[in-house]
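If you're wondering where the values come from, they're calculated on a predicted model, not measured in any experiment.
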Amino acid sequence: MKNRWKQMKKLSLVGLVGTLLILPLSASAEMGQMGLRSKDVSFDFIGSLKSYPTFLSNADFNSRDTAYDYVLDENGPMDGASIRNEVRIGWLGKGNDWDFKIILEADFNLNKSNGDRGADASTPVDSGMTGEDFGVEKLAARYNFGPFTLETGWDDRFLDISTGGLLYGDDHPFIGLQGGIGDKFSWEILYLIIQDDIENMEHGKAIGPLDSDSLDWRVYTAKGKYELPNGLVVSGFYAYSDNSKRQTADARVHYMGAEAYGKLGMFTPRLEFVYATGDTDRWSATDREYDISAYAAYGSVDIDIAPVFIPYIGATLVSGDGDADDDNIDAFNAITNIARYTPTFGMENSFVSRLVPVLGTHLYSNTPEWLPKSRGVALNPGYGGIGNSSSGDSPGLVSYGIGFKGSYQNLSYKVQGLYMTFEDVGALEDLEGKSIDNEWGMEFDVLLTYRFNEHFSVGNAFAVFDPGDGIQDIWGEDFDETAFLDTIEFKWTW
């Protein structure tokens with residue numbers, strides 16, 4: 001018996017050593033790369049880690065504690081000192097005429113429960129299954145039929161991220177087609193599934209009469225892009241947002257837009273215009289029908305004087321609603337404003353591009369589309385926005401910006417300032433019953449980054465937001481403190 005036990009232990013040891021020897025040989029790639037091949041499919045392993053120690057004060061512009069003293073990012077609510085961690089691992093696969101991408105992500109504030117995925121002190125269940133647990137954050141699969149390519153998944157798709165990001169950019173589930181003519185013209189059409197729920201269904205059980213349409217929201221988009229001989233790119237796009245059965249909006253909206261961008265000598269202009277028209281006719285407080293007619297525009301130019309110094313200027317105009325009592329909605333609400341990641345004024349760790357309750361901004365955007373819903377006051381129906389929560393009484397935005405950026409060897413920087421006002425405060429004044437100044441506020445951003453190599457960088461983003469008189473008129477005289485946001489950026493990519 002003892003001899004048999006010794007033989008079993010020897011076999012186990014040999015198997016373990018053999019496994020350790022075989023594994024390195026199975027991934028026969030150079031250091032920093034991983035290339036595996038399964039028959040006729042090639043794979044690449046990719047990943048990234050962002051660790052952002054974040055220090056925030058006066059998120060509600062108030063020195064006292066209020067219910068609005070926080071900002072919301074992809075990792076959840078933040079205030080005071082916190083460390084956001086976003087880690088991604090993924091695979092790129094390619095075969096004959098087809099390819100795919102899968103990215104798993106965890107995005108959370110560092111703490112013990114999230115780190116070990118242990119039990120949360122406030123609940124008997126695991127604290128995981130939220131941002132700290134890996135899930136398939138992005139997926140895209142394509143098959144090339146020749147004249148066109150079929151695509152599906154829930155990867156990032158954009159209509160206007162190259163200019164102002166006024167209309168749409170997100171990773172909603174989609175089915176689409178894309179293609180092109182020659183090397184100058186390309187096109188894409190998408191069917192986006194933003195919401196698909198059954199009313200009165202909870203945990204797989206019916207709790208009342210079921211309605212399969214009342215919670216649905218679909219978006220249909222088409223975009224064509226053409227590169228002119230001088231290098232300028234012009235693009236036209238269309239989107240139809242159909243949440244006509246959505247309880248909170250019941251809106252059917254057509255968006256028609258165009259953009260142009262590209263490098264012309266030392267100048268890089270970016271121009272965009274979007275017009276929205278439609279209607280919404282179900283609102284529990286009024287049971288009235290509303291006509292939607294709104295617009296948004298953006299323009300900027302970079303001046304490439306030298307790599308170390310590139311100044312830029314720009315402006316944004318988003319229409320607001322001027323009358324809360326009529327049957328017209330003049331406030332422009334995006335499907336998902338993606339200004340946070342646009343080329344000129346976009347900055348991931350700016351202040352205004354997060355959900356800020358007092359400002360009424362959504363995550364990724366730079367417009368007060370959530371006002372006055374963030375106050376919870378009576379209002380007309382809205383349409384669009386993250387969570388379908390934008391307001392039909394939004395005051396819109398007029399923003400003027402100036403900045404400069406550059407790089408020298410491994411060091412890069414970006415400095416910018418924005419002065420922002422409401423486009424029309426009429427609906428706000430109707431709801432609040434008082435005069436409201438149109439000044440929204442001013443933001444100042446500084447980003448300094450040093451790249452040690454192609455895989456690791458350290459940066460610091462410092463943002464200041466000084467609220468305007470309009471914020472005090474809406475929320476009260478105590479909401480007049482300057483908000484400070486400082487974010488240290490550690491980034492690894494592979």
Side-chain angles (χ1 to χ4, degrees), residues 59-62 66-72 246-251 253 276 280 282-288 290-294 296 317-334 336-337 351-399 420-441 465 467-480 483:
D60 57 355
F61 314 117
N62 199 318
T66 74
Y68 311 102
D69 194 17
Y70 68 95
V71 300
L72 187 74
R246 181 77 177 170
Q247 287 180 329
T248 57
D250 192 17
V253 187
T280 175
R282 184 173 63 184
W283 181 244
S284 58
T286 60
D287 194 27
R288 295 161 60 184
Y290 298 84
D291 292 325
I292 298 169
S293 179
L317 173 62
V318 176
S319 64
D321 192 68
D323 190 342
D325 299 319
D326 65 12
D327 293 337
N328 297 317
I329 294 178
D330 302 317
F332 181 89
N333 295 166
T336 305
N337 181 299
F351 182 81
V352 72
S353 61
R354 306 164 190 261
L355 185 149
V356 184
V358 175
L359 292 180
T361 53
H362 290 308
L363 179 59
Y364 311 130
S365 79
N366 61 351
T367 61
E369 290 185 15
W370 196 23
L371 277 178
K373 278 192 175 183
S374 57
R375 282 179 55 76
V377 300
L379 43 88
N380 290 327
Y383 60 98
I386 289 182
N388 203 31
S389 56
S390 292
S391 169
D393 298 308
S394 167
L397 171 71
V398 179
S399 174
M420 295 163 282
T421 66
F422 298 133
E423 195 274 329
D424 196 327
V425 296
L428 281 180
E429 291 181 333
D430 292 339
L431 294 170
E432 297 288 348
K434 59 184 177 181
S435 177
I436 296 175
D437 192 274
N438 73 342
E439 188 179 53
W440 193 34
F465 194 100
D469 290 341
I471 296 297
Q472 286 95 63
D473 290 341
I474 297 170
W475 295 89
E477 294 182 355
D478 291 342
F479 292 82
D480 62 350

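Note that CG of N337 and OG of S390 are 9.0 Å apart. Values are rounded to the nearest 0.5 Å. How far OG of S365 is from CG of L355: 8.0 Å, rounded to the nearest 0.5 Å. Going from atom CG of N62 over to atom CG of D480 covers 7.5 Å, rounded to the nearest 0.5 Å. Between atom CD of residue Q472 and atom CD1 of residue I436 there is a gap of 12.0 Å, rounded to the nearest 0.5 Å. For the atom pair D437 CG and E429 CD, the distance stands at 9.5 Å (nearest 0.5 Å). Between the CG atom of L428 and the CG atom of D473 there is a distance of 10.5 Å, given to the nearest 0.5 Å.
Across every non-hydrogen atom of I329 and G392, the tightest pair is CG2-O, 3.6 Å. The nearest pair of heavy atoms linking Y383 to A294 is OH-CB, 3.9 Å. Heavy-atom minimum distance, V71 versus R354: CG2-CD, 4.0 Å. The two residues G322 and D330 make their nearest non-hydrogen contact at N-OD2, 4.4 Å. A324 approaches D430 most closely through the heavy-atom pair N-OD2, 2.9 Å. The minimum heavy-atom distance between L397 and P368, with the atom names listed, is CB-CD, 4.1 Å.
The backbone N or O of N366 sits nowhere less than 3.5 Å from a side-chain atom of T361 that would complete a donor-acceptor pair. Remark: the backbone N or O of H362 is not paired with any side-chain donor or acceptor of E369 at under 3.5 angstrom.
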Could you go step by step and tell me if V352 and W440 meet the side chain to side chain contact (heavy atoms under 4.5 Å, CB included) rule? CA-CA 11 Å; V352 72; W440 193 34; 3.9 Å; yes
Report the C-alpha separation of L371 and F422 in whole Å, then their side-chain angles, then the decisive distance to 0.1 Å, and conclude whether the side chain to side chain contact (heavy atoms under 4.5 Å, CB included) test is met. CA-CA 11 Å; L371 277 178; F422 298 133; 4.1 Å; yes
Show your reasoning for whether side chain to side chain contact (heavy atoms under 4.5 Å, CB included) applies to F61 and V358. CA-CA 8 Å; F61 314 117; V358 175; 3.7 Å; yes
Passes side chain to side chain contact (heavy atoms under 4.5 Å, CB included), I474 versus F479? Steps please. CA-CA 9 Å; I474 297 170; F479 292 82; over 6 Å; no
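Using a 4.5 Å heavy-atom cutoff, the side chains of T367 and F332 are not in contact. Looking at P357 and W370, their side chains come closer than 4.5 Å, going by heavy atoms from C-beta outward. Two residues are said to be in side-chain contact when any heavy atoms from C-beta on lie closer than 4.5 Å; S319 and D424 fail this criterion.
The aromatic rings of Y68 and W475 sit perpendicular to each other, their planes meeting at more than 60°, with 30° as the lower class boundary.
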